[in-house]
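Remarks on the structure that follows.
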Amino acid sequence: MKLSIIGTGYVGLVTGACFAQMGNSVICVDIDEKKINNLKKGIIPIYEPGLEEIVKNNFKIGTLEFTTDIKYALKNSDIVFIAVGTPQGEDGSADLQYVLAVAKDIGKYMTHPLIVVDKSTVPVGTADKVRETIKKELEIRVENKELTEGEFKELMEFDVVSNPEFLKEGDAVNDFLKPDRVVIGADNEKSMEILKELYAPFTRSHERFIGMDVRSAELTKYAANAMLATKISFMNEMAKIAEAVGADINKVRVGIGSDSRIGYSFIYPGVGYGGSCFPKDVKALEKIAIDAGVEPKIIKAVEEVNKEQRIYFLNKILNRFKDIKNKTFAIWGLSFKPETDDMREAPSITIIKELIKRGAKIKAYDPKAMNEAKNFWLKDVKNIEYFDNKYDTLNNSNAMILVTEWKEFRSPDFFEMKKRLKNPIIFDGRNQYKKEKLNELGFEYYQIGVSS
Ligand code: NAD
């Protein structure tokens, strides 16, 4: 099939590359010229395992194109995916300006009736807004005599469907190629069938296609993210209780995870969730509920607990040192989670800024996110030094603080660490190590949900 993906970010690039991998002709569009020029040169803007290879291969054989020219893309496709950002607006709701700008362009430049697919995470009712925006632009073209009534009628055959994306950064290619489920919200049977056919190669082994109406599909994405965020916040609250009553949250986690109704995923205690999705989607769902006249009690609490979690972890450091002025801390991990260079809403940002605000110095290391940190997220932050090797951050540091659970942090050389640290102290925001073992090795070890 002939597809365009508008917005070549985490979701758009993975979507485009994976559809191309199945033999479709895909045009990826972005307004960011630098990004598009780099992609044409084989420079991939994000770190995502497995992505570079399929982008390069498909670009080479011509199944994947990159352009800033949306007119060209629309002319040469039958299905158009909208995959632009929907950041948090001032009132907490999803800011739809980028989605609606694309809808406007579609109405302005469409030459034949298209299936428009909302892949961005958008509030319930957005498909209607996209439809209205496109229609309005088509009417303007009629007024300006760019379209005849007959052509207008034909173009009005376009459809808008919802296809929320459930990929996880860090495993996005795998998730897209082997999805747990593909949700399509379409009110028109023909569009539903076409989307089913498009996704059929990804769901060969068993049926993973879930068809529903557009509004239910739009809400499904928010419900999924809010449920996962709820599990995290619940576990973080449970960790505080465990610590206060002298229990060990690591043992409680295994104790409850073994119940198949609960399961092991998303019940790890830590420094709270971050990233480009959970924080903004939880907030947007809260706004959706309030606008619909429903008081979102659980959703509000999920967000509140998450914010407090970073402070709870920070307080462990402050309580231990009292005065951290001129103390140096080694930070292991900057990205909001492992296997990505994404630092949007990363807990490391809050923790580093709070420490520096109190006069501390930071020595940081991350396997993939240091460029993002240096050039963007922590660009204006002074008193932070970056190292290419995790052990080098420890030299003369007063403690090591583990913020992101990259695999390479799981079994470090503790003897080397002890040798380099000024004080053998570890604050572990992801419960990666065994307390008994570290105490035996002579470390002071602080983790989440276990009294020290
Ligand atoms: P992103 O910020 O990485 O990418 C968005 C891209 O859209 C940018 O490259 C930007 O330049 C481009 N863009 C903006 N306006 C444009 C326009 N008018 N025309 C063409 N390009 C335009 O965003 P993302 O993380 O890929 O997220 C996209 C959507 O997918 C969001 O709604 C997000 O909530 C949702 N989502 C994200 C993830 C994730 O893990 N990142 C997972 C599922 C769903």
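We count ligands from 1, going down the list as the structure has it; atoms in each ligand are counted the same way. Treat the numbers as computed from the prediction; the structure is a model and nothing was measured.
Closest to atom 34 (O) of ligand 1, if we only count protein heavy atoms, is K280 NZ, 2.6 Å. In this structure, the protein non-hydrogen atom closest to atom 41 (N) of ligand 1 is E169 OE2, 2.7 Å. Scanning the protein for heavy atoms near atom 36 (N) of ligand 1, the closest one is V11 CG2, 3.5 Å. When hydrogens are left out, the protein atom nearest atom 4 (O) of ligand 1 is G9 CA, 3.2 Å; that is the closest non-hydrogen contact. Looking only at heavy atoms of the protein, atom 12 (C) of ligand 1 is closest to D30 OD2, 3.2 Å. In terms of protein heavy-atom proximity, atom 15 (N) of ligand 1 is nearest to I31 CD1, 3.5 Å. Of all protein heavy atoms, the one closest to atom 3 (O) of ligand 1 is Y10 N, 3.2 Å. Closest to atom 25 (O) of ligand 1, if we only count protein heavy atoms, is R344 NH2, 3.0 Å.
Ring centroids of Y446 and F313 are separated by 6.0 Å or more, keeping the two rings apart.
Relative orientation of the F176 and F202 rings is perpendicular, given thresholds of 30° and 60° on the angle between their planes.
Evaluated by nearest non-hydrogen atom to atom 7 (O) of ligand 1, the leading choice among G7, A101, C28, P45 is G7. Relative to atom 9 (O) of ligand 1, the option among K104, K35, Q97 with the closest non-hydrogen atom is K35. Comparing T86, V84, L167 by heavy-atom distance to atom 29 (C) of ligand 1, the nearest is V84.
Under 4.0 Å from ligand 1, not a single heavy atom of K168 appears. Heavy atoms of A83 found under 4.0 angstrom from ligand 1 belong exclusively to the backbone. Contact annotation for S276 and ligand 1: only side-chain heavy atoms (C-beta onward) come within less than 4.0 Å of the ligand.
We find that E151 and R141 are not joined by a salt bridge, their nearest charged nitrogen and carboxylate oxygen being 4.0 Å or further apart. Using a 4.0 Å cut-off between charged side-chain N and carboxylate O, E354 and K357 make a salt bridge. Ion pairing between D259 and R261 holds under the 4.0 Å rule for side-chain N and carboxylate O. Between K283 and E303, at least one side-chain nitrogen of the basic residue sits less than 4.0 Å from a carboxylate oxygen of the acidic one, meeting the salt-bridge criterion.
With sequence neighbours left out, Y268 forms a side chain to side chain contact (heavy atoms under 4.5 Å, CB included) with R253.
Polar contact with ligand 1: present for T121 (N/O pair, distance under 3.5 Å). For ligand 1, the polar-atom distance check finds no N/O of K221 at less than 3.5 Å from any of the ligand's N/O atoms. For D105, no nitrogen or oxygen atom sits less than 3.5 Å from a nitrogen or oxygen atom of ligand 1, counting backbone and side chain alike.
Using a 4.0 Å cut-off to heavy atoms of G85, the atoms of ligand 1 that qualify are 5 (C). For ligand 1, the atoms lying closer than 4.0 Å to a non-hydrogen atom of V102 are 17 (C), 18 (N). Interface atoms of ligand 1 facing I6, defined by a heavy-atom separation under 4.0 Å, are 19 (N), 20 (C).
Between the side chains of D91 and S93, at least one donor-acceptor pair of N or O atoms lies under 3.5 Å. Residues N236 and Y312 have side chains that never bring a donor and an acceptor to within less than 3.5 angstrom of each other. At a cut-off of 3.5 Å, with distance as the only test, a side-chain donor of N250 or Q447 sits close to an acceptor on the other residue.
You'll find the side chain of I61 reaches within 4.5 Å of the side chain of N58, heavy atoms only.
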Can you give me every donor-acceptor pair (side chain of residues 1-16, partner residue at least two apart or in another chain, under 3.5 Å) with its distance?
{"from": "S4", "atom 1": "OG", "to": "A73", "atom 2": "O", "distance (Å)": "3.0"}
{"from": "S4", "atom 1": "OG", "to": "S77", "atom 2": "OG", "distance (Å)": "2.6"}
{"from": "T8", "atom 1": "OG1", "to": "V29", "atom 2": "O", "distance (Å)": "2.9"}
{"from": "Y10", "atom 1": "OH", "to": "D341", "atom 2": "OD1", "distance (Å)": "2.9"}
{"from": "T15", "atom 1": "OG1", "to": "V11", "atom 2": "O", "distance (Å)": "2.6"}

